[in-house]
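What follows is a short report on a single structure.
Order of the sequence lines fixes the chain letters, A, B, ..., with proteins taken first and strands second; residue numbering starts at 1 for each chain.
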Protein chains: 2
Amino acid sequence: MKMSGGVEWALHCCVVLSGAGAPVTAAKLAELHDVSQSYLAKQLQLLSRAGLVRSTLGQSGGYVLTRAANEITVLDVVEAIDGAQPAFRCTEVRQRGPMAVPAERCDTPCPIARTMDSADRVWRESLRRVTIADLIADVNRTTAPEILAGAREWLRA
Amino acid sequence: MKMSGGVEWALHCCVVLSGAGAPVTAAKLAELHDVSQSYLAKQLQLLSRAGLVRSTLGQSGGYVLTRAANEITVLDVVEAIDGAQPAFRCTEVRQRGPMAVPAERCDTPCPIARTMDSADRVWRESLRRVTIADLIADVNRTTAPEILAGAREWLRA
DNA sequence: CTGAATCCGGATAACTGTTGTCCGAGATTC
DNA sequence: GAATCTCGGACAACAGTTATCCGGATTCAG
């Protein structure tokens with residue numbers, strides 16, 4: 001049970017992107033967070049494919065959020081990077097072996113699958129309730145103002 | 001994001017074990033579910049190490065549940081097989097790069113980690129609320145009585 | 001007491017998915 | 001037209017999962 005590490009990077013990128021008014025290049029985002037540039041580019045492509053960011057090509061190009069920060073949920077980012085598939089996949093064990101239940105009697109999912117699906121739903125619901133704007137508000141509250149100003153300045157240069 | 005496939009097998013085994021009065025061997029459990037015997041043996045070892053089942057050695061040995069079915073939660077099994085580590089691991093990105101926040105200012109976890117931890121908690125809480133006894137009750141309600149009796153008989157032989 | 005059956009633990013290999021890198025094609029700005 | 005930048009795909013390295021096998025210890029049946 002492990003979520004892709006790219007999710008953390010992507011969320012940090014969304015927070016930064018929301019603060020910057022102009023497009024930010026993948027190289028700058030990678031340097032700011034001290035992560036692999038080529039690999040971060042792949043995560044940004046996933047965000048782009050999911051419609052969360054828009055990329056502008058050419059010189060002075062880069063990435064921009066497509067929506068306001070309070071209209072992008074953490075779940076949006078998680079599903080863009082990690083996929084929307086649930087962690088548990090029922091393989092219909094009950095239909096196998098010498099005491100197999102015939103397929104035509106298996107109209108409802110087995111109770112194990114239902115339990116897992118239910119847990120998956122509350123997990124996603126919990127992530128849906130938090131937006132990028134919430135994260136930003138939290139960052140602004142807990143980190144020193146001079147660091148925030150410094151980062152904004154570094155990004156512009 | 002993928003849970004170990006062994007979780008599904010282990011849960012099915014717990015359901016079966018609860019119905020059988022006598023110890024059941026790993027070979028029988030594997031044949032009943034039509035899965036690899038050697039690999040299922042490893043999952044059973046994990047259950048044993050977690051204290052959910054007890055193994056009796058020697059001829060006519062096998063596995064038995066250590067507690068009543070209503071005192072074993074689905075979460076117990078999931079954590080025994082898949083580990084108790086949360087899916088998201090914060091790598092403290094904020095402490096890296098040219099605009100790194102000094103470690104001494106990072107007394108509280110970053111908002112991203114808090115969001116993920118919160119979602120992880122509700123997920124686990126949801127799984128903790130369902131016990132093996134609940135699964136059994138569901139199985140008894142939804143599957144034909146003759147199949148249940150047949151399985152019990154097959155297990156005894 | 002002997003032999004058969006069983007679990008345990010480690011070593012090992014195949015497979016899958018993640019992580020990470022690189023480069024050409026196409027687009028934009030100056 | 002030249003420089004810069006993103007996009008997408010191809011590809012390699014790595015880690016974790018899945019699966020198998022075997023020797024050793026233990027227990028029960030005869």
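The side chain of B:Ser55 places an N or O atom within less than 4.0 Å of a non-bridging phosphate oxygen (OP1 or OP2) of C:dC8. The phosphate of C:dT19 has OP1 or OP2 within less than 4.0 Å of a side-chain N or O from A:Lys2.
Between A:Ser4 and A:Thr56, the residue anchored closer to the 5' end of DNA chain C is A:Ser4, taking for each the nucleotide with the nearest heavy atom.
Listed by residue number, the members of residues 34-44 of chain B with any heavy atom below 4.0 angstrom from DNA chain D are B:Ser36, B:Ser38, B:Tyr39, B:Lys42.
Using a 4.0 Å heavy-atom distance criterion, B:Ala26 is classed as a sugar-phosphate-only contact.
Going from atom CD of A:Glu8 over to atom C1' of C:dT19 covers 15 Å, rounded to whole Å. Distance A:Arg49 CZ to D:dG8 C1': 8 Å, rounded to the nearest Å. Rounded to an integer number of Å, the gap from A:Gln45 CD to C:dA27 P is 16 Å. In this structure, B:Leu47 places its CG atom 11 Å from P of C:dC8, rounding to the nearest Å. Atoms CG (B:Leu46) and P (C:dC7) sit 15 Å apart, rounded to a whole Å. The CD1 atom of B:Ile81 sits 13 Å away from the C1' atom of D:dT17 (whole-angstrom rounding). Separating the CD atom of B:Glu31 from the C1' atom of C:dT6 is a distance of 16 Å, rounded to the nearest angstrom. Note: NZ (B:Lys28) to P (C:dT6) measures 9 Å, nearest angstrom.
Remark: the backbone N or O of B:Val130 is not paired with any side-chain donor or acceptor of B:Thr73 at under 3.5 angstrom.
Comparing C:dC8, D:dT6, D:dA29 by their nearest atom to the side chain of B:Gln59 picks out D:dA29. Closest approach to the B:Ser60 side chain among D:dC28, D:dT6, C:dC8 is made by D:dC28 (side chain taken as heavy atoms from C-beta onward).
A salt bridge is defined here as a Lys NZ or Arg NE, NH1 or NH2 lying under 4.0 Å from an Asp or Glu carboxylate O, and A:Lys2 with B:Asp82 fails to meet this definition. Here A:Arg128 does not pair with A:Asp76 in a salt bridge; the nearest charged N to carboxylate O distance is not below 4.0 Å.
The local environment of CZ in A:Arg54 is sparse, with at most 12 non-hydrogen atoms from other residues, nucleotides or ligands closer than 6.0 Å.
When B:Leu17, B:Leu11, B:Val77, B:Val53 are each tested for a side chain to side chain contact (heavy atoms under 4.5 Å, CB included) with B:Ile72, only one passes: B:Val77.
Within the 4.5 Å cutoff, side-chain heavy atoms of A:Trp154 are placed close to those of A:Glu31.
Taking CG of A:Asp120 as the reference point, atom OG1 of A:Thr115 lies at 12.5 Å (rounded to 0.5 Å).
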